[in-house]
Number of protein chains: 2
Amino acid sequence: MSEDSGTAAKETTTERIPAALRREQILAAASRVFGERGYSGATTDQVAQAAGISQPYVVRMFGTKENLFLEVVARALDKLMTTFRETLAEHRPADDGDDADPLITRLGAAYVDLIDDRGILLSLMQAFITGHDPVIGAKAREGFLQIYRMLRDEAGFSPETIRDFLANGMLFNTLLAIRLPDIFEDDEAAEELMRCAFRGKLDVVLDASGATWTRS
Amino acid sequence: MSEDSGTAAKETTTERIPAALRREQILAAASRVFGERGYSGATTDQVAQAAGISQPYVVRMFGTKENLFLEVVARALDKLMTTFRETLAEHRPADDGDDADPLITRLGAAYVDLIDDRGILLSLMQAFITGHDPVIGAKAREGFLQIYRMLRDEAGFSPETIRDFLANGMLFNTLLAIRLPDIFEDDEAAEELMRCAFRGKLDVVLDASGATWTRS
DNA sequence: GTCTATAATCTGATAGAC
DNA sequence: GTCTATCAGATTATAGAC
């Protein structure tokens, strides 16, 4: 009868934890929910349930749904930029010659690895697709251009190289959004496209998609 | 005092027109609205206003909002497939040699030209991003794979060629969604990216975006 | 720090008149 | 063929208790 009946997946009695930590939990939940259903498609109640708290508390913590979404997107962008910069830094030492994979390939791999937090990639994509909104749209444009400038000014790529890189990223996001990894092996075209689009990273993608089948 | 005061942009007295024609008007309006705001973000009332009729009539005509969206997406996919097949057919005659642009370039150009009905490209993209939905998601997956198979089986491209083609398409859709064409000349990075991404088709894109500025 | 209750919309859909 | 009226349900946000 105490509050310690940890069998159910969802909390019966919510623990009292520091606001800062709760904030992170909400953001993590929101990232998943917004990533799946988009800004308008997601409800603050869905976020609340995913975080195991009440709906009003979500709103109380972030003021408005829009604020929450903007924070999620800002975090996602930040994570992406940081990941790229780390990859850039790691690459510098062995810069000359063709010792290993070219930088662009490493960045692509780093991008794909972000899939283990689907929310990051999908929330960003959802922000892009909400470009019509005055507030969200402005942030989306800003964010996209920020990535472009980083690839150009910090990584030193040509516009053409960046274009191809971004294009592959958008394709990757789209395949994730339509959940192609979920119908792997169901459809020969789906499998062929995935093998080609995800290259050596197919296993990473499939793992992250919570697939429940064994290797044949 | 009669119903013929054609100065306002929106109808005051709705004309009585054939259902089939009205249906087309609604679909055209819905394509624009859904393309901008997405499935959840758009309301049947917004569609109704864009079509110049009442909200209940929109619902009456298509049963449900979901049905209307599915019809919009099916039409968009159809238009895309048809456009590609026409491009394929036109190419056949002068197939051998490098007489003009390679087929893939022509297909790319045909895709960009679809921008004069933004709704087509954006509605499709909105469908892709709504992949989590059981019904819409299924159609989105199907549609995407249909395009892939066409490019492979009818156009004869390799998976790698198709991947790059689709990737550029997704980038194009994304740039459209974040309305990059609207801030052309406002931001040097935006302009550089657009020139690179849209190649020779920049003017077509800018024209279609209802830009209101004169060439410098 | 977190909840319950609830106000205030908004929105999809139905009924029925003209 | 099209509208007005309207209901039912969903959803963001606020108030206030604990």
Side-chain angles (χ1 to χ4, degrees), chain A residues 2-4 8 10-30 33-34 36-72 126 130 133-136, chain B residues 3-4 8 10-30 33-34 36-72 126 130 132-136:
Chain A
S2 71
E3 73 269 25
D4 177 40
K10 55 194 71 168
E11 322 284 319
T12 308
T13 311
T14 307
E15 287 174 74
R16 195 182 172 86
I17 68 175
L21 177 54
R22 185 63 83 185
R23 196 182 168 79
E24 295 305 316
Q25 294 179 335
I26 298 176
L27 283 168
V33 176
F34 280 129
E36 290 283 295
R37 326 180 81 107
Y39 175 63
S40 330
T43 70
T44 54
D45 191 54
Q46 287 165 344
V47 172
Q49 282 183 239
I53 59 176
S54 71
Q55 180 268 333
Y57 193 18
V58 170
V59 176
R60 157 88 46 128
M61 189 82 91
F62 291 87
T64 63
K65 175 185 172 180
E66 184 179 67
N67 260 355
L68 174 56
F69 183 66
L70 290 173
E71 176 91 27
V72 163
Q126 294 286 177
T130 314
D133 181 280
V135 181
I136 297 171
Chain B
E3 74 266 27
D4 178 42
K10 54 195 71 166
E11 322 284 319
T12 308
T13 311
T14 307
E15 288 173 73
R16 193 183 173 85
I17 68 175
L21 176 54
R22 186 63 84 186
R23 195 182 168 81
E24 295 305 316
Q25 294 178 335
I26 298 176
L27 282 168
V33 176
F34 280 128
E36 289 284 292
R37 324 179 81 107
Y39 175 62
S40 332
T43 69
T44 53
D45 191 53
Q46 286 165 343
V47 172
Q49 281 183 242
I53 59 175
S54 71
Q55 181 267 335
Y57 193 19
V58 169
V59 175
R60 156 88 43 130
M61 188 83 92
F62 290 88
T64 64
K65 177 186 172 182
E66 185 180 66
N67 258 358
L68 173 56
F69 183 66
L70 290 173
E71 175 91 27
V72 164
Q126 293 286 178
T130 314
H132 64 92
D133 181 281
V135 180
I136 296 171

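Side chains are part of it too, since the values below use all heavy atoms of this structure and drop only hydrogens, waters and symmetry mates.
Rounded to 10 degrees, the angle separating the terminal axes of the helix from C/dG1-D/dC18 to C/dC18-D/dG1 is 10°, with each axis obtained from five end pairs.
Taking atom CG on A/Leu68 and atom P on D/dT11, their separation rounds to 16 Å, with Å as the unit. Between B/Phe62 atom CZ and D/dT2 atom C1' the separation is 15 Å, expressed in whole Å. Residue A/Ile17 contributes atom CD1, which lies 11 Å from atom C1' of C/dT2 at whole-angstrom precision. Going from atom CG of B/Asn67 over to atom P of C/dT14 covers 11 Å, rounded to whole Å. Following rounding to the nearest Å, A/Arg23 (CZ) and C/dT2 (C1') show an atom-to-atom distance of 16 Å. One interatomic measurement links the two molecules: CG of A/Leu21 to P of C/dG1, which rounds to 11 Å at whole-angstrom precision. Regarding B/Met61, its CE atom lies at a distance of 16 Å from the P atom of C/dA13, rounded to whole Å.
Distance check: A/Ile136 CD1 to A/Leu70 CG gives 5.5 Å after rounding to the nearest 0.5 Å. Here the CZ atom belonging to B/Arg37 is positioned 11.0 Å from the CD atom belonging to B/Gln126, to the nearest 0.5 angstrom.
Aromatic ring pairs are classed by plane angle as parallel below 30°, tilted from 30° to 60° and perpendicular above 60°; the pair A/Phe69 and A/Phe34 is perpendicular.
A 4.5 Å side-chain heavy-atom check between B/Ile26 and B/Glu24 finds every atom pair outside the cut-off. By the 4.5 Å heavy-atom criterion applied to side chains, A/Thr43 and A/Val33 are not counted as neighbours. Using a 4.5 Å heavy-atom cutoff, the side chains of A/Val59 and A/Lys65 are not in contact. Contact of the B/Asp45 side chain with the B/Val58 side chain is not registered, since no non-hydrogen atoms from C-beta on lie closer than 4.5 Å.
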>> Can you build the contact string for nucleotides 12-18 of chain D? Use B for base contact, S for sugar-phosphate-only contact, and - for no protein heavy atom under 4.0 Å.
In response: BBB-B--
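Classification of B/Glu15 and B/Arg22 as a salt-bridged pair fails, no side-chain N sitting under 4.0 Å from a carboxylate O.
Checking the phosphate oxygens (OP1, OP2) of C/dG1, no side-chain nitrogen or oxygen of A/Thr14 falls inside 4.0 Å.
The two residues A/Phe62 and A/Glu71 come nearest to each other via the heavy atoms CE2-CG, 4.2 Å.
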